[in-house]
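Below is one structure; the comments refer to it alone.
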Amino acid sequence: MNIKRRKIFGQVLFILFAFYLDGLIKWAFLNNMNHETVVILPQIMLMAIVMLTMRIEDRRQLIIYGIVFGVIYDSYYYGIIGLYTILLPLLMVGIDHFRFC
């Protein structure tokens with residue numbers, strides 16, 4: 001396996017791990033710590049997207065990752081394709097645009 005394939009595999013594995021960890025923490029806090037006044041919403045997936053955006057140079061690859069993981073996130077949590085499918089690619093391109101300012 002060459003370096004480029006290994007890098008892509010690592011990026012995808014990193015996002016999937018963050019996605020799983022985000023869901024696991026939401027589930028754990030939902031049952032134990034969410035009461036009337038405090039609602040805990042971890043944003044590990046969002047932090048992983050920001051870190052991944054800083055490492056990827058190709059904007060086309062950013063958009064593809066954003067759409068794919070947005071569809072996965074929407075279909076897993078909401079059952080409707082829409083919000084994260086649009087917001088993740090826009091977030092990634094926005095971070096890429098202002099990265100070196």
Side-chain angles (χ1 to χ4, degrees):
M1 186 184 303
N2 63 9
I3 298 295
K4 186 175 180 180
R5 287 183 190 254
R6 198 177 306 170
K7 184 178 176 183
I8 290 172
F9 181 73
Q11 291 167 350
V12 170
L13 194 63
F14 176 69
I15 288 292
L16 289 177
F17 178 71
F19 177 72
Y20 175 71
L21 191 62
D22 192 39
L24 190 67
I25 290 174
K26 282 181 188 177
W27 178 79
F29 285 143
L30 180 67
N31 293 335
N32 298 326
M33 297 185 72
N34 279 348
H35 298 291
E36 298 168 4
T37 58
V38 177
V39 177
I40 297 172
L41 294 173
Q43 295 294 326
I44 296 172
M45 179 75 172
L46 183 62
M47 290 185 281
I49 290 290
V50 170
M51 289 189 326
L52 188 66
T53 303
M54 294 297 192
R55 294 190 48 95
I56 298 175
E57 298 292 329
D58 186 20
R59 201 172 266 193
R60 183 177 181 182
Q61 188 179 6
L62 283 175
I63 293 172
I64 290 171
Y65 278 172
I67 291 171
V68 168
F69 291 118
V71 166
I72 292 170
Y73 199 85
D74 275 340
S75 64
Y76 184 75
Y77 285 114
Y78 301 114
I80 303 171
I81 308 300
L83 182 65
Y84 281 96
T85 305
I86 301 298
L87 287 181
L88 282 183
L90 288 177
L91 175 76
M92 293 174 92
V93 168
I95 292 170
D96 184 52
H97 182 73
F98 292 111
R99 181 182 345 180
F100 295 114
C101 290

**Study point:** Check: L62 and T53 side chains under 4.5 Å, non-hydrogen atoms
**Key:** yes
Review point. Quick one: are I56 and Y65 in side-chain contact, heavy atoms under 4.5 Å?
Key: yes
Review point. Do V68 and L87 belong to the same hydrophobic cluster, where Ile, Leu, Val, Met, Phe, Trp and Tyr are linked whenever their side-chain heavy atoms lie under 4.5 Å apart, directly or via other members?
Key: yes
Check your understanding: Do V12 and I49 share a hydrophobic cluster, counting only Ile, Leu, Val, Met, Phe, Trp and Tyr and linking them when any side-chain heavy atoms are less than 4.5 Å apart?
Key -> yes
Point to revise | I80 vs D74, side-chain contact (heavy atoms from CB on, under 4.5 Å): CA-CA, chis, key distance, verdict | key: CA-CA 6 Å; I80 303 171; D74 275 340; over 6 Å; no
Review point. Within a strict 4.5 Å, meaning less than it, do heavy atoms of the M92 and H97 side chains meet?
Key: no
Review point. Do side-chain atoms of T85 reach the backbone of I81 as a donor and acceptor pair under 3.5 angstrom?
Key: no
Practice item. Taking all heavy atoms of K7 and all of R55, pick out the closest pair and write down the distance. Key: NZ-O, 4.3 Å
Check your understanding: Is any side-chain heavy atom of Q61 closer than 4.5 Å to a side-chain heavy atom of I8?
Key -> yes
**Study point:** Qualifying residues under side chain to side chain contact (heavy atoms under 4.5 Å, CB included), relative to L24, sequence neighbours excluded
**Key:** Y20
Point to revise | Linked hydrophobic residues, F9 as query - side chain contacts closer than 4.5 Å | key: L13
Study note, to complete from the structure: Between the CD atom in Q11 and the CE atom in M51, the distance rounded to the nearest 0.5 Å is 12.0 Å
Point to revise | Among Y84, Y73, F14, F69, the one residue meeting ring-ring contact (aromatic ring centres under 6.0 Å, His included) with F19 | key: Y73
Check your understanding: In terms of hydrophobic clusters joined by side-chain contacts under 4.5 Å, are L83 and V50 together?
Key -> yes
Review point. Are V93 and L90 in one and the same hydrophobic cluster, where Ile, Leu, Val, Met, Phe, Trp and Tyr link if side-chain heavy atoms are under 4.5 Å apart?
Key: no
Practice item. Calculate, to the nearest 0.5 Å, the distance between atoms CG and CZ belonging to D96 and R99 respectively. Key: 4.5 Å
Point to revise | Side-chain heavy-atom pair M54, I95 within 4.5 angstrom cut-off | key: yes
Check your understanding: Does I86 belong to the same Ile/Leu/Val/Met/Phe/Trp/Tyr cluster as I72, with side-chain heavy atoms less than 4.5 Å apart forming each link?
Key -> no
Point to revise | Flag side-chain contact, heavy atom, 4.5 Å: L91 against L46 | key: yes
Study note, to complete from the structure: Here the gap from L88 atom CG to I15 atom CD1, rounded to the nearest 0.5 Å, amounts to 8.5 Å
